[in-house]
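Here's the structure, in C-alpha cells; my notes come after.
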Amino acid sequence: MKITAARVIVTCPGRNFVTLKIETDQGVYGIGDATLNGREKAVVAYLEDHVVPLLIGRDASRIEDIWQLLYRGAYWRRGPITMSAISAVDVALWDIKGKAAGMPVYQLLGGASRDKVLVYGHANGADIEETADAVGRYIDLGYKAIRAQSGIPGVKGAYGVGRGDLYYEPADDALPTETLWNTSAYLDFAPKLFARIRDEYGMGVELLHDVHHRLTPIEAGRLGKSLEPYRLFWMEDCTPAENQEALRLVRQHTVTPLAIGEIFNSIHDCRQLISEQLIDYIRATIVHAGGITHLRQIAGLAALYQVRTGFHGATDLSPACMGAALNFDMWVPNFGIQEYMRHTPETDAVFPHSYHFDDGYLHLDDTPGIGVDIDEQLAAKYPYSPKQLPIARLEDGTMWNW
Ligand code: KDG
Ligand code: MG
C-alpha cells in the first residue's frame, strides 16, 4: 500500500488544531494530530517542507521504518516540533493499518487489557467555594477522578482557572496574557482547598492537582507533605523537570504520588525519572512524544518500575490525539488514568469520533483505526487564528514558569 498524498489541515473551531492526513493508493487514509499549542505553524512548516516530500511513494505499512527514517534521518533529534511532526505521521499510519485490517488500533497492539478507560475531569473556580461546587458538578456527571484548581487570594490569574466550566482553554490572544505568581500565597492556600473538598465529599472520589511547574523542589516537597492528609491521586508537574535529579529532593519529603511529563517528547526526558522511581505516573503523550511507536517504548520502560501512564489530554490535544491515546490506554498493561478535558461542540463536529463518556470512563467501540475522522469542509470554515499561551511573572516583574 503506497502513500500517494499527505496534507496538513489547520483549523480553528475555537482553538487551533493541526492535522496530518495521509492517503494511499488503495483509497484508505489515516489522520494524526500535530497540534503544538501556541507554536502550531512551526509544526506545519516542518511537516510540509521537510516530512511530506519524504513520505510520497513509501509503503504505508512500514510504520517502524518510517519512524526511524524521520527520527534518525533528520540528523537533528528530538524537540517538540520534530516529535510532534513524527507523531502525526506515526498515528496516521497506525490509523491506516487499523482500517486496512478492519480493527481498532488497540487490537493491533495486542488487544484490550480493560473494558473502559478511567478519566479525570477538570473542576475549577475563582475561589474555594466555586471550586468545591464544581467538584460536586463533576461528581454528579459521574466522574470518579477530578482535578481541582482554584483562584487564590493575592494571585492574579492562578493556573487552571478557566473561562468555561467544561471547556477550559488557556490560550487566548496573539500576544501572551501576563499572570502574576506568588508562591507563599499558593503554598498556604492549596491545603485549605483540598481540606474543604474532602470535608464536603469524603474520600470516595479521586482528586488530582496540577502545580504547573511553579515550585522549586523543596517547595514541592513541602506542598506534597501538606497535601498528604487529603490523599491525592497525584500532584502534577510540581517542579520543572529538565533536571530529573531534582525529583529526588521532592521524594525525600513526601509520599504524595507524582505525575510529570506532558511537555516531554522523548524517552530520554524521563529515563531517570522512571528508572529511579522518582515519579508514579508518566504524562508524556502520543502527539508530543513521537506517536504510538515511541510511547510504546516509554510505557514499556515505565512498566519495569511500576510507573503507570496518565496521558495528557487537555483541549489543545485534538480528538485525533484522544482517539489514538484511548486505543493505547485500552491496551497498555500499566495504565493509570487518562486526562479528559472536553472539547467544544464545534471541535467535536469537525472531528467526528467513536469514543464516548459514560459514568467516569471513556468507551471505545470496534471502529477500525483510531476511530476519529476529520470533516474537511467544516474544518475549512474555521481558519487559523494566532493564539499564545499565557506567561507568569513574580510581583517584582521576574519571569516565572507559567
Ligand atoms: O497547552 C498547555 C496545556 O496543555 C496545559 O497547560 C494543560 O497542564 C495542562 C494539563 O495538565 O492539562
Ligand atoms: Mg498539566
Side-chain angles (χ1 to χ4, degrees), residues 12 14-18 33-43 80-81 83-84 87 119-124 138 143 145-150 157-164 166-173 176-177 179 181 186 190 206-215 220 223 232-241 257-265 269-270 273 279-289 309-322 325 336-344 347 362 385-392 400-402:
C12 185
R15 66 160 344 286
N16 292 307
F17 295 110
V18 178
D33 184 22
T35 309
L36 186 62
N37 203 2
R39 295 292 182 271
E40 296 89 353
K41 287 291 190 87
V43 188
I81 311 293
M83 297 304 277
S84 300
S87 300
V119 297
Y120 69 93
H122 285 222
N124 62 75
Y138 274 82
Y143 283 84
I146 301 164
R147 184 185 99 158
Q149 308 290 142
S150 171
Y159 167 75
V161 183
R163 286 179 293 274
L166 292 171
Y167 314 114
Y168 168 72
E169 174 54 68
D172 46 21
D173 299 327
T177 303
T179 62
W181 181 246
Y186 170 69
E206 301 290 358
L207 295 176
L208 301 85
H209 183 63
D210 191 347
V211 185
H212 224 250
H213 325 271
R214 301 292 168 93
L215 301 178
L223 177 64
L232 262 54
F233 185 94
W234 79 34
M235 176 169 82
E236 178 187 338
D237 284 334
C238 59
T239 192
L258 304 178
I260 295 194
E262 68 181 37
I263 65 169
F264 293 170
N265 44 69
D269 295 333
C270 49
L273 288 177
I279 55 172
D280 302 281
Y281 296 91
I282 178 69
R283 301 257 303 140
T285 195
I286 309 280
V287 58
H288 301 135
T309 62
F311 287 172
H312 190 199
T315 38
D316 45 295
L317 285 64
S318 92
C321 175
M322 183 57 86
I337 200 166
Q338 168 70 53
E339 180 179 14
Y340 175 49
M341 212 195 257
R342 287 168 192 244
H343 289 109
T344 60
T347 298
L362 280 170
S385 158
K387 294 194 194 303
Q388 295 257 2
L389 286 167
I391 59 169
W400 201 244
N401 311 310
W402 177 73

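Start at 1 and go down the list; that is how both ligands and their atoms are numbered. These numbers come from a predicted model, not from an experiment.
Ring planes of Y143 and Y340: parallel class, angle under 30° (limits at 30 and 60°). Ring pair Y186/H209 is parallel by interplanar angle, where below 30° counts as parallel and above 60° as perpendicular.
Across every non-hydrogen atom of Y120 and I146, the tightest pair is CB-N, 4.2 Å. The minimum heavy-atom distance linking S87 with V287 is given by the pair OG-O, 2.9 Å. Nearest heavy atoms, N16 versus T35: O-CG2, 3.4 Å. Residues N124 and G160 share a closest heavy-atom pair of CB-O, 3.2 Å. Annotation for R214 and Y159: closest pair NH2-CB, 3.4 Å, computed over non-hydrogen atoms. Residues A220 and M235 share a closest heavy-atom pair of O-CE, 3.6 Å.
Residue-to-ligand polar distances place R283 within reach of ligand 1: an N/O pair is separated by less than 3.5 Å. In terms of polar-atom proximity, Y120 is not counted as a contact of ligand 1, lacking any N or O under 3.5 Å from an N or O of the ligand. Residue contacts with ligand 1: H122 is placed with no nitrogen or oxygen under 3.5 Å of a nitrogen or oxygen of the ligand (distance criterion only).
Residue contact check: D210 has heavy atoms under 4.0 Å from atoms 8 (O), 9 (C), 10 (C), 11 (O) of ligand 1. Remark: ligand 1 atoms within the under-4.0 Å shell around heavy atoms of N37 are 1 (O). Set against the non-hydrogen atoms of A314, the atoms of ligand 1 under 4.0 Å away are 4 (O), 7 (C), 12 (O). Ligand 1 places these atoms under 4.0 Å from at least one heavy atom of R147: 10 (C), 11 (O), 12 (O). Counting the atoms of ligand 1 from 1 in the order shown, those under 4.0 Å from a heavy atom of W402 are 6 (O). Using a 4.0 Å cut-off to heavy atoms of E236, the atoms of ligand 1 that qualify are 11 (O).
Within the 4.0 Å heavy-atom criterion, the part of L389 lying near ligand 1 is the side chain and not the backbone. Counting heavy atoms under 4.0 Å from ligand 1, residue Y340 does not touch it at all.
The single protein non-hydrogen atom nearest to atom 9 (C) of ligand 1 is Y159 OH, 3.0 Å, given as residue, atom name and distance. Ranking the protein heavy atoms by distance from atom 3 (C) of ligand 1 puts D316 OD1, 3.4 Å first. Ranking the protein heavy atoms by distance from atom 8 (O) of ligand 1 puts E262 OE2, 2.7 Å first. Nearest non-hydrogen protein atom to atom 6 (O) of ligand 1 is H212 NE2, 2.8 Å. Remark: minimum distance from atom 12 (O) of ligand 1 to any protein heavy atom is reached at E339 OE2, 2.4 Å.
The pair D316-R15 fails the salt-bridge criterion, with no side-chain N (NZ, NE, NH1 or NH2) lying under 4.0 Å from an Asp/Glu carboxylate O. Comment: R283 engages E339 in a salt bridge, judged by a side-chain N to carboxylate O separation of less than 4.0 angstrom.
With hydrogens and angles ignored, the 3.5 Å screen pairs a side-chain donor or acceptor of S318 with a backbone N or O of A320. Using modelled atom types, no side-chain atom of T315 and backbone atom of H343 make a donor-acceptor pair closer than 3.5 Å. D280 contributes a side-chain N or O that, together with a main-chain N or O of L258, makes up a donor-acceptor pair within less than 3.5 Å.
The side chain to side chain contact (heavy atoms under 4.5 Å, CB included) search around I263 returns H213, not counting sequence neighbours.
For the Mg ion (ligand 2), the neighbouring protein N/O/S atoms at less than 2.8 Å, given as residue and atom, are D210 OD2, E236 OE2, E262 OE1.
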